[in-house]
Novice: 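Below is a structure I'd like to ask you about.
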Amino acid sequence: MKTPRRFLPSLSLLQAFEAAARLQSITGAAQELSLTQSAVSRQIRALEEQLGTTLFHREKQTIRLTLGGVSYAREVREALQKISQASMNLRANPHGGTLSLAILPTFGTRWLAPRLPAFLAENPGITINLVTRLTQFDFSTEAVDAAIHFGRTDWPGADSAYLMGEDVVPACAPEMAARFGFATPADLRAAPLLHLTSRPDAWEKYFLRNGVDAQNVHGMLFDQFATAAQAAAAGMGVALLPTFLIEDEIAAGRLVRALDAPMRSDEAYYLCWPRDQESYEPLRLFCTWLSAETRAFEAARAAG
């Protein structure tokens with residue numbers, strides 16, 4: 001259905017409104033846009049006339065968004081960001097497709113990034129842009145084509161492809177392992193335990209699976225595996241860490257397994273994308289490649 005023209009204001013009107021809304025100042029918007037104050041005021045008035053509603057309360061020399069203006073400003077800002085990102089993507093790769101991918105920080109830097117050159121070599125017309133996201137988000141409001149997600153297949157409005165599972169192991173500095181002499185999972189409760197904000201119940205699950213009291217499990221919180229691993233290596237405590245993400249620390253002796261007792265995570269890694277993007281060629285190619293990479297990786301791990 002064709003959108004009525006009155007609901008499609010010009011970019012110049014929207015930019016003037018967005019700048020004034022963000023800065024809460026006509027003067028500030030004029031300076032940012034290299035326009036006069038009167039020009040910005042005229043553009044905002046024109047936008048209000050086109051929409052048939054007031055966007056600002058005007059009080060002497062100040063402006064304040066109306067209730068409707070607040071939500072409109074947020075949506076306009078997101079739309080302008082999407083247009084800007086699309087333009088940058090086209091300029092960076094005018095002859096091929098661009099895939100904007102949300103990644104989990106440690107998975108992205110330690111597992112995915114070293115493998116991406118192979119994908120780009122096989123698909124020279126595709127450019128990949130990476131952004132980090134720790135939790136689910138709304139694909140309709142983010143300039144992202146797909147996301148690597150750890151969890152379950154419960155992303156609203158999205159399809160997904162299974163990538164691989166994960167084993168976690170209690171890991172710590174060699175000095176801490178020597179000092180505590182961990183022999184059973186119950187012994188871990190005597191040591192400081194490090195937690196991830198994205199997996200707040202991981203230690204409880206670990207203890208319950210090993211028949212250990214899981215009540216009142218406390219400790220420091222970290223938002224990323226990388227920082228938790230660094231803290232563990234520095235002797236700050238024991239962290240439950242994915243085995244495949246700490247191979248370098250184990251090999252270098254910065255971390256050791258506090259116990260050789262890994263736990264298979266209930267969740268897994270998935271590639272997720274909005275349902276209306278499934279026919280997008282860069283996404284299709286990336287999904288096929290990534291699925292093959294993770295299958296090979298899982299097979300290699302199973303083979304020992």
Novice: Determine, using ring centers only, whether Phe107 and Phe150 are less than 6.0 Å apart.
Specialist: no
Novice: Using the rule that two of Ile, Leu, Val, Met, Phe, Trp, Tyr join whenever any of their side-chain heavy atoms come within less than 4.5 Å, decide whether Leu193 and Leu255 are in one cluster.
Specialist: no
Novice: Determine yes or no for a side-chain-to-main-chain donor-acceptor pair under 3.5 angstrom, with Ser100 supplying the side chain and Val144 the backbone.
Specialist: no
Novice: Do Tyr269 and Trp111 have their ring centres less than 6.0 Å from each other?
Specialist: no
Novice: Minimum heavy-atom separation for Ala16 and Leu33, please, with both atom names.
Specialist: CA-CD1, 3.7 Å
Novice: Hey, what do you get for CZ (Arg209) to CE (Met263), rounding to the nearest 0.5 Å?
Specialist: 5.0 Å
Novice: Between Ala231 and Phe222, which heavy-atom pair has the shortest distance, and what is it?
Specialist: CB-CZ, 3.4 Å
Novice: Is it true that Glu267 and Lys205 make a salt bridge, defined as a side-chain N closer than 4.0 Å to a carboxylate O?
Specialist: yes
Novice: Given the side-chain rings of Tyr280 and Trp273, with only the six-membered ring counted for Trp, is the space between their centroids under 6.0 Å?
Specialist: no
Novice: Indicate, with yes or no, if Leu221 and Leu240 share a hydrophobic cluster defined by side-chain heavy-atom contacts under 4.5 Å among Ile, Leu, Val, Met, Phe, Trp and Tyr.
Specialist: no
Novice: In terms of relative ring orientation, are Trp289 and Phe286 parallel, tilted or perpendicular, with 30° and 60° separating the classes?
Specialist: tilted
Novice: If every non-hydrogen atom of Pro282 is compared with every non-hydrogen atom of Ile126, which pair is closest and at what distance?
Specialist: CA-CD1, 3.8 Å
Novice: Between Glu166 and Arg199, does at least one N-O distance fall below 4.0 Å, as a salt bridge requires?
Specialist: yes
Novice: For Arg284, is there an ion pair with Glu278 - N to carboxylate O distance below 4.0 angstrom?
Specialist: no
Novice: List the steps and the verdict of side chain to side chain donor-acceptor pair (under 3.5 Å) for Gln37 and Thr27.
Specialist: CA-CA 6 Å; Gln37 294 181 44; Thr27 301; 3.2 Å; yes
Novice: If I compare all heavy atoms of Pro262 with all of Asp167, which pair ends up nearest, and what's the gap?
Specialist: CB-CB, 4.4 Å
Novice: Do Asp159 and Gln277 get their side chains close enough for a donor-acceptor pair, meaning under 3.5 Å?
Specialist: no
Novice: Should side-chain heavy atoms under 4.5 Å link Ile, Leu, Val, Met, Phe, Trp and Tyr, which residues sit in the same cluster as Leu208?
Specialist: none
Novice: Over 60° means perpendicular and under 30° means parallel, so classify the ring planes of Phe297 and Phe244, tilted if in between.
Specialist: perpendicular
Novice: Is there a path of hydrophobic side-chain contacts, each under 4.5 Å between heavy atoms of I/L/V/M/F/W/Y residues, joining Leu80 to Leu47?
Specialist: yes
Novice: Could you tell me whether a side-chain N or O of Thr243 sits under 3.5 Å from a main-chain N or O of Val168, the two making a donor and an acceptor?
Specialist: no
Novice: Does this structure show an ion pair linking Arg115 with Glu122, if we count only N-O contacts that are shorter than 4.0 Å?
Specialist: no
Novice: Identify the heavy atoms of Leu283 and Ala146 that sit nearest to each other, and give their distance.
Specialist: CD1-CB, 3.7 Å
Novice: Other hydrophobic cluster members with Leu67, side-chain heavy atoms of Ile/Leu/Val/Met/Phe/Trp/Tyr under 4.5 Å, chained?
Specialist: none
Novice: Between Ala21 and Phe56, which heavy-atom pair has the shortest distance, and what is it?
Specialist: N-CZ, 3.8 Å
Novice: Do the side chains of Glu142 and Lys82 get close enough for a salt bridge, i.e. N-O under 4.0 angstrom?
Specialist: no
Novice: Donor-acceptor check, side chain of Arg257 to backbone of Ala171, threshold 3.5 angstrom: yes or no?
Specialist: no
Novice: Go through it in stages, so that I can follow the logic: the residues are Leu112 and Ile103, the test is side chain to side chain contact (heavy atoms under 4.5 Å, CB included), and I'd like the CA-CA distance, side-chain angles, deciding distance and then a yes or no.
Specialist: CA-CA 9 Å; Leu112 180 62; Ile103 59 171; 3.9 Å; yes
Novice: Between Glu49 and Arg42 (salt bridge meaning N to carboxylate O under 4.0 Å), is one present in this structure?
Specialist: no
Novice: Can Leu271 and Leu101 be said to form a side chain to side chain contact (heavy atoms under 4.5 Å, CB included), step by step?
Specialist: CA-CA 10 Å; Leu271 181 68; Leu101 180 67; 3.9 Å; yes
Novice: Do Leu130 and Leu116 pass the side chain to side chain contact (heavy atoms under 4.5 Å, CB included) test, and can you show the C-alpha distance, the side-chain angles, and the key distance before you say yes or no?
Specialist: CA-CA 11 Å; Leu130 301 177; Leu116 275 181; 4.0 Å; yes
Novice: Does CD belonging to Gln61 count more than 12 external heavy atoms closer than 6.0 Å?
Specialist: no
Novice: Check the pair Tyr162, Ser291 against side chain to side chain contact (heavy atoms under 4.5 Å, CB included), reporting the backbone distance first and the verdict last.
Specialist: CA-CA 8 Å; Tyr162 172 85; Ser291 295; over 6 Å; no
Novice: Drop me the distance from Leu104's CG to Thr132's OG1, to the nearest 0.5 angstrom.
Specialist: 9.5 Å
Novice: Indicate yes or no: does Arg22 engage Glu18 in a salt bridge with an N to O separation below 4.0 Å.
Specialist: yes
Novice: Can a salt bridge be assigned to the pair Arg301 and Glu298 using a cut-off of 4.0 Å between side-chain N and carboxylate O?
Specialist: yes
Novice: Under 4.5 Å between side-chain heavy atoms, hopping through other hydrophobics if needed: is there a path connecting Val131 to Ile148?
Specialist: no
Novice: If we ignore hydrogens and angles and just use 3.5 Å, is the side chain of Trp203 paired with the main-chain N or O of Leu194 as donor and acceptor?
Specialist: yes
Novice: Counting distance only, does the side-chain N/O of His149 pair as donor-acceptor with the main-chain N or O of Gln136 below 3.5 Å?
Specialist: no
